[in-house]
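A short worksheet on the structure shown next.
Computation of the quantities below employed the complete heavy-atom set of this structure, encompassing side-chain atoms and omitting hydrogens, waters and symmetry-equivalent molecules. Atoms within a ligand are numbered from 1 in the order they appear, just like the ligands themselves.
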Amino acid sequence: MKILVINAGSSSLKYQLLDMDDESVIAKGNCDRIGIGGHIKHTTFDGKKIDEDADFPTHTEAFEKLVEVLTTGDAAVISSMDEISAVGHRVVQGAELFNKTTLATDDVIQKIDDLSELAPVHNHPHALALRACRKVISESTPQVVVFDTAFHQTMPEKAFMYGFPYECYEKYHVRKYGFHGTSHRFVSQALADAMGKDIKDLKIVSCHLGNGSSITAVEHGKSIDTSMGFTPLDGVLMGTRCGAVDASAVTYLEKKLGLDPNAMSDYMNKKSGLLGVSGVSNDHRDVLEAAQAGNERAALADSMLQYEVKKYIGSYAAAMNGLDAVLFTGGIGENSDDFRAGVCHDMEYLGIKFDDNANKGVRGKLTKISAPDSKVEVWIVPTNEELLIARDTKALVEAMK
Ligand code: ADP
């Protein structure tokens with residue numbers, strides 16, 4: 001069975017075509033610059049590449065191009081779109097309406113669009129892509145939506161509520177939703193498999209650290225708390241996001257900097273975090289390089305992030321009344337040995353005995369990095385959100401038969 005996975009943004013359409021018989025990637029790429037020009041990058045499993053400008057006034061033309069490169073020309077990998085059994089879409093915000101992977105009917109697509117107020121950058125483009133996909137690819141091909149928030153819908157009220165007046169939740173749906181749920185679900189299950197344990201017997205802290213970062217407490221396979229909140233701005237310092245701050249500092253800075261709410265939102269989402277503190281870059285590699293060359297603010301940004309991650313691990317161990325494993329994933333978590341070591345050193349009181357040798361130099365590979373006699377296991381677990389979306393999509397269409 002072949003499944004097409006789509007991750008659509010306002011100006012891009014990332015895709016992967018997977019063969020679910022062996023879960024291999026047949027082709028992948030990105031239709032970029034939608035609405036402002038158009039460009040496609042496409043790579044096939046056997047190394048054929050397309051890298052060219054195109055004309056993408058809307059997502060519809062991007063889908064038409066995708067169909068063209070998949071089915072015709074040198075880099076074609078299928079003879080017709082009929083070979084594709086279903087399309088799985090990543091959707092950022094499902095709020096309380098969606099707690100699991102769902103078939104994208106007209107009504108569901110409309111609800112995703114209606115949630116745009118809660119996720120302005122993401123949900124409307126998702127709805128545009130879903131409608132465009134339906135227009136271009138046969139209506140008889142099922143489309144499935146997998147929500148970043150769905151995994152966190154198991155959080156108890158005491159974890160997801162904010163201390164605002166209760167009506168803010170009732171009237172405006174202001175609460176913690178959490179994000180990266182697809183990744184946290186994938187890696188926590190992969191970790192349980194690697195440990196040879198049933199996930200229902202485990203208390204895991206999952207650290208997804210990339211450009212956007214979030215930490216999740218996964219107790220017996222369920223998310224019971226997570227660091228991102230109402231939006232992905234909450235939690236730890238990120239590439240360009242400030243993470244959790246005192247809300248009064250926000251209103252104070254709005255006045256001091258003369259920013260309206262939209263400009264303040266941009267300031268917190270795009271100019272802060274590693275970039276804002278270091279003054280060097282939003283990219284962790286650049287920050288580390290600058291720190292090693294003696295840049296103190298870069299070193300400070302890195303140590304702030306390490307410290308925040310360490311505190312989340314401790315607090316989630318307290319929330320779960322125990323801890324069996326910590327996992328690192330995402331670009332920073334999978335690749336930066338120094339970062340992992342910085343977080344896990346001096347955590348013996350929690351039962352973490354880190355293995356520096358096992359950790360050193362490991363990048364993007366499923367690896368245990370705690371000592372054999374460590375009470376709490378520590379692992380690197382590469383994430384693969386596209387694969388989980390494809391697996392969910394396959395399971396849903398098979399259940400429909
Ligand atoms: P996104 O959240 O956009 O999916 P990724 O998960 O790809 O991002 O993570 C990107 C981050 O991972 C960047 O900050 C990048 O610098 C960082 N990263 C990748 N490789 C390394 C490395 N070897 N050392 C430190 N950071 C790294």
Side-chain angles (χ1 to χ4, degrees), residues 5-16 28-30 32 41 90-92 119 121-122 125 146 148 178-187 190 206-216 226-228 231-243 269-293 295 297-306 308-309 327-344 359-367 369 380-389:
V5 174
I6 299 289
N7 182 355
S10 57
S11 66
S12 71
L13 197 116
K14 296 199 190 94
Y15 60 88
Q16 271 193 20
K28 64 180 174 181
N30 188 10
D32 209 359
K41 273 192 177 159
R90 170 185 179 231
V91 173
V92 166
V121 182
H122 294 107
V146 182
D148 276 9
F179 297 87
H180 285 148
T182 315
S183 176
H184 288 298
R185 180 154 70 97
F186 179 85
V187 288
S206 170
C207 307
H208 179 120
L209 309 168
N211 236 329
S213 298
S214 70
I215 325 286
T216 296
T226 192
S227 61
M228 281 180 171
T231 72
L233 181 60
D234 202 1
V236 299
L237 186 87
M238 299 173 222
T240 57
R241 298 184 195 130
C242 58
N269 277 289
K270 297 185 182 156
K271 300 195 174 125
S272 301
L274 293 177
L275 172 68
V277 175
S278 71
V280 172
S281 168
N282 65 305
D283 191 293
H284 190 247
R285 275 167 298 201
D286 298 342
V287 172
L288 281 186
E289 210 174 288
Q292 275 149 15
N295 183 319
R297 270 172 51 190
L300 171 65
D302 182 49
S303 67
M304 283 168 71
L305 179 57
Q306 284 182 20
E308 289 179 2
V309 174
L327 75 82
F328 289 93
T329 196
I332 300 172
E334 290 174 33
N335 294 304
S336 179
D337 48 5
D338 283 346
F339 189 86
R340 295 185 297 254
V343 171
C344 293
N359 177 53
K360 194 89 210 133
V362 183
R363 292 192 175 176
K365 210 169 127 230
L366 181 70
T367 310
I369 51 173
I380 302 162
V381 184
T383 193
N384 192 339
E385 290 162 88
E386 290 79 10
L387 179 56
L388 187 67
I389 292 170

Would you name the heavy atoms of Ile332 and Gly210 that are closest together and state the gap between them?
CD1-O, 3.6 Å

Ligand 1 versus Arg363: contacting region, heavy-atom distance under 4.0 Å:
side chain

For atom 8 (O) of ligand 1, which protein heavy atom lies nearest, and how many Å away is it?
Asn211 N, 3.2 Å

Does a donor on one side chain and an acceptor on the other come within less than 3.5 Å for Thr226 and His180?
no

Shortest non-hydrogen contact from Leu237 toward Ala301
CD2-O, 3.5 Å

Which residue and heavy atom of the protein sit nearest atom 27 (C) of ligand 1, plus the separation
Arg285 CG, 3.6 Å

Look at atom 18 (N) of ligand 1 and say which protein heavy atom is nearest, naming residue and atom and giving the distance to 0.1 Å.
Gly331 O, 3.5 Å

Quick one: closest heavy-atom pair of Val236 and Ser213, and the distance?
CG2-CB, 3.6 Å

Test side-chain contact (heavy atoms from CB on, under 4.5 Å) on Thr329 and His184; report intermediate values, then the result.
CA-CA 9 Å; Thr329 196; His184 288 298; 5.8 Å; no

Tell me whether atom 4 (O) of ligand 1 lies less than 4.0 Å from at least one protein heavy-atom position.
no

Which atoms of ligand 1 are found less than 4.0 Å from any heavy atom of Gly212?
2 (O)

What protein heavy atom is closest to atom 26 (N) of ligand 1, reported as residue, atom name and distance in Å?
His284 ND1, 3.3 Å

Nearest non-hydrogen protein atom, atom 16 (O) of ligand 1
Asp283 OD1, 2.4 Å

Atom 24 (N) of ligand 1: which of Pro232, Ser336, Gly210 has the nearest heavy atom?
Ser336

Looking at atom 17 (C) of ligand 1, what's its closest protein heavy atom, distance included?
Ile332 CG1, 3.7 Å

Got a second to check how far Leu288's CG is from Asp302's CG, nearest 0.5 Å?
5.0 Å

For atom 23 (N) of ligand 1, what is the closest protein heavy atom, and at what distance to 0.1 Å?
Asn335 CB, 3.4 Å

Exercise: identify the closest heavy-atom pair between Ser227 and Ser214:
OG-CA, 3.3 Å

Using a 4.0 Å cut-off to any heavy atom of Gly330, which atoms of ligand 1 qualify?
6 (O)

Looking at every non-hydrogen atom in both residues, tell me the closest pair between Glu334 and Thr383 and how far apart they are.
OE2-N, 3.0 Å

